[in-house]
2 protein chains.
Amino acid sequence: MAVLAQLKQREIRVPAGSLLIHEGQASTRVYTMLDGWAYRFRTLANGRRQILDFVLAGDFVGAQHALIGNAWHGVRTLTDATFCVFGRELLTDASRLSSTLSNDACVLIAHECSALEEQLLSLGQRTALERVAALLLITFRRAAALQVDRGASGVFFPATQQDIADTLGLSLVHTNKTMRRLERLTRCSLRRSRLTIEDIGALSRVANLYSDGRPITRPLL
Amino acid sequence: MAVLAQLKQREIRVPAGSLLIHEGQASTRVYTMLDGWAYRFRTLANGRRQILDFVLAGDFVGAQHALIGNAWHGVRTLTDATFCVFGRELLTDASRLSSTLSNDACVLIAHECSALEEQLLSLGQRTALERVAALLLITFRRAAALQVDRGASGVFFPATQQDIADTLGLSLVHTNKTMRRLERLTRCSLRRSRLTIEDIGALSRVANLYSDGRPITRPLL
DNA sequence: CGAAATGTTGACTATATTCAAGGCAAGTGG
DNA sequence: CCACTTGCCTTGAATATAGTCAACATTTCG
């Protein structure tokens, strides 16, 4: 912890819609999100965009860029957000600084891999309805875990339907129709950035999630 | 290196089609593949299978399982294969053992993340034709890098069309038709596990890859 | 209040899946 | 050596799923 505090350069506050990291950028900084929402994405030459995952408070940003040199995804904020800024030494020299720190970083990246795999399962094998259900469920769990009421009053989820479409590899129109259908089927709703789920069980059955709902424990940086 | 040799428990040789790691297994061992082909996968409750990526010589297997406790993918061999077996201390205590080792492990996992992201881009945004092209191209590059002739004579790629279909999130039939079409368009071919590419440029243009073709340098374990 | 962004719906089209049938190649046992 | 099986590849036809286009409603924000 003392080591962490020493490496911390400062906190930054950025407005909604900011490009925190460019695609292909070789970043010398690593961030952890303290507050707000963002997403990681890649864009194809023809302009189509794939959102890889959403970034919430506590998540790591820029690890790949620091470790690989330049990574091929960008990061953009969905809301105003605050980040804690570290130098890349946090990762590249972690083992020299603190053995637990270094190990924690590895574990966090491994968790990120695991989340990407679940998403891959969605895009490859799930129907549109299942994809939407899986995304809402996973997002709900993550956001709810950050709230004191554990999501009893619903959670804030600031993605537009276009964002969700780009996450799930579906068209905007089809995403819209599928969300309305899911809403009818399981009484979950996402209106005005507020996600509420009446019957988690019903949604889970539709989603066909791979991992069980066990709360994930992971280190904090 | 001395540390590595000390951690190495033994080498194992497994036949084609073996399940090296079960889905959901909490493994205490970590492997690096020395020779052969394998793939990582997850299965849905309804039986549909998503192949996450292919494992070639030099690749790490089981890092997630060792770091997270239990990870949700399995690993199965496509050919007879040999692995180098390490205890999980390789990862969990890496920083105490050697600072470069610990950092290298992080970098390898970060590369894996990056590869998953490219695959996510395929499943989410690319057409069937583009997906096949991207997979063949990436696989060709990886396999060619392991050969002395750099793939001049083609490379060995032991996946069946069903495997490829499960990798790309397509049906077997559509995969077949698309591969035939791609073969006509770019004069690449995959017959009897032998992948040859006449015109890399043509294939690249179809594939619309995100990352450029720069050879990837990464640490070896 | 008005403009711009986001959400909603229907009709039509394209892409991919499913079903079904047959082909080829490698391996097995008589 | 040859029939026979088995696994994998190939193709066409019918169907389902998702994408595109277009119009309009609603919300958000300046």
Side-chain angles (χ1 to χ4, degrees), chain A residues 15-17 37 39 44 46-51 76 78-80 122-136 156-185 188-195 206 208, chain B residues 15-17 37 39 44 46-51 76 78-80 122-133 135-136 156-185 188-195 206:
Chain A
W37 283 74
Y39 60 86
L44 227 43
N46 61 23
R48 300 194 63 168
R49 174 185 69 156
Q50 176 66 38
I51 292 186
R76 189 181 288 278
L78 278 169
T79 64
D80 294 353
S122 265
L123 297 195
Q125 306 300 333
R126 284 196 254 258
T127 65
L129 190 70
E130 293 168 335
R131 288 185 211 187
V132 174
L135 177 65
L136 294 188
F156 177 62
F157 181 33
T160 66
Q161 290 190 353
Q162 183 66 65
D163 294 330
I164 293 174
D166 289 347
T167 306
L168 300 180
L170 299 170
S171 70
L172 170 61
V173 173
H174 194 54
T175 299
N176 178 288
K177 289 173 181 171
T178 305
M179 286 180 68
R180 318 280 10 267
R181 186 152 66 98
L182 186 66
E183 193 171 347
R184 263 179 284 127
L185 286 174
C188 64
S189 109
L190 175 54
R191 304 264 164 171
R192 312 229 208 114
S193 300
R194 183 125 223 110
L195 172 62
V206 175
N208 234 319
Chain B
W37 283 74
Y39 59 86
L44 227 44
N46 60 24
R48 300 195 64 169
R49 172 185 71 156
Q50 175 66 38
I51 291 185
R76 189 182 288 275
L78 277 170
T79 65
D80 294 352
S122 266
L123 297 195
Q125 305 301 333
R126 283 196 254 259
T127 65
L129 190 71
E130 293 169 336
R131 288 186 210 186
V132 174
L135 177 65
L136 293 188
F156 177 62
F157 182 32
T160 66
Q161 290 190 354
Q162 182 66 65
D163 294 330
I164 294 174
D166 289 348
T167 306
L168 300 179
L170 300 170
S171 69
L172 170 61
V173 173
H174 194 53
T175 300
N176 178 287
K177 289 173 181 171
T178 306
M179 286 181 69
R180 319 278 15 263
R181 185 151 67 98
L182 186 67
E183 192 171 347
R184 262 180 284 127
L185 286 174
C188 64
S189 108
L190 175 54
R191 304 263 165 173
R192 309 231 210 107
S193 301
R194 183 126 223 111
L195 172 62
V206 175

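Atoms considered below: every heavy atom in the structure, side chains included; atoms not considered: hydrogens, waters and symmetry mates. Note on naming: letters A, B, ... go to the chains in the order of the sequence lines (proteins, then strands), and numbering restarts at 1 for each one.
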Next on the checklist: Please give me every residue in residues 175-185 of chain A whose heavy atoms get under 4.0 Å of an atom in DNA chain D, ordered by residue number.
Outcome noted: none
Checklist entry - Can you name the residues that form a ring-ring contact (aromatic ring centres under 6.0 Å, His included) with Y39(A), not counting sequence neighbours? => result F41(A)
Checklist outcome for this item: Distance col, row Q161(B):CD vs S171(B):OG, nearest 0.5 angstrom, shows 11.0 Å
Next on the checklist: Can you pull out every salt bridge (charged side-chain N to carboxylate O under 4.0 Å, His left out) where at least one residue sits in residues 127-136 of chain A? Sequence neighbours excluded, please.
Outcome noted: none
Next on the checklist: Holding to side chain to side chain contact (heavy atoms under 4.5 Å, CB included), I want the full list of residues that pass it with R191(B), two or more places apart in sequence or in another chain.
Outcome noted: R180(B), E183(B), S189(B)
Checklist outcome for this item: 5'-most to 3'-most nt of DNA chain D touching chain A (<4.0 Å, heavy-atom partner on protein side) reads dA18(D) to dT28(D)
Checklist entry - Between the two ends of the helix from dC1(C)-dG30(D) to dG30(C)-dC1(D), what is the bend in degrees, rounded to 10 degrees, where each end axis spans five pairs? => result 40°
Next on the checklist: I need the CG-P distance between D163(A) and dT6(C), as an integer number of Å.
Outcome noted: 8 Å
Item to check | Set of side chain to side chain donor-acceptor pair (under 3.5 Å) partners for R181(B), sequence neighbours left out | outcome: none
Checklist entry - How long is the line joining CD of Q162(A) and C1' of dT6(C), in whole Å? => result 10 Å
Checklist outcome for this item: side chain to side chain donor-acceptor pair (under 3.5 Å) filter on R194(A), not counting sequence neighbours, yields none
Next on the checklist: Whole angstroms only, please: what is the CG-P distance between D166(A) and dT6(C)?
Outcome noted: 12 Å
Checklist entry - Taking the side chain of R191(A) as its heavy atoms from C-beta onward, which of dT8(C), dA16(C), dT18(C) lies nearest to it? => result dT8(C)
Item to check | side chain to side chain contact (heavy atoms under 4.5 Å, CB included) partners of T178(A), counting only residues at least two apart | outcome: A128(A), L129(A), V132(A), H174(A)
Next on the checklist: Under the rule for side chain to side chain contact (heavy atoms under 4.5 Å, CB included), what residues qualify as partners of A165(B), not counting sequence neighbours?
Outcome noted: Q162(B), T175(B)
Checklist outcome for this item: By side chain to side chain contact (heavy atoms under 4.5 Å, CB included), D163(B) pairs with (sequence neighbours left out) R49(B), I51(B), L78(B), A159(B), T160(B)
Next on the checklist: So which atom in L123(A) and which in T167(A) form the shortest heavy-atom distance, rounded to 0.1 Å?
Outcome noted: CD2-O, 3.9 Å
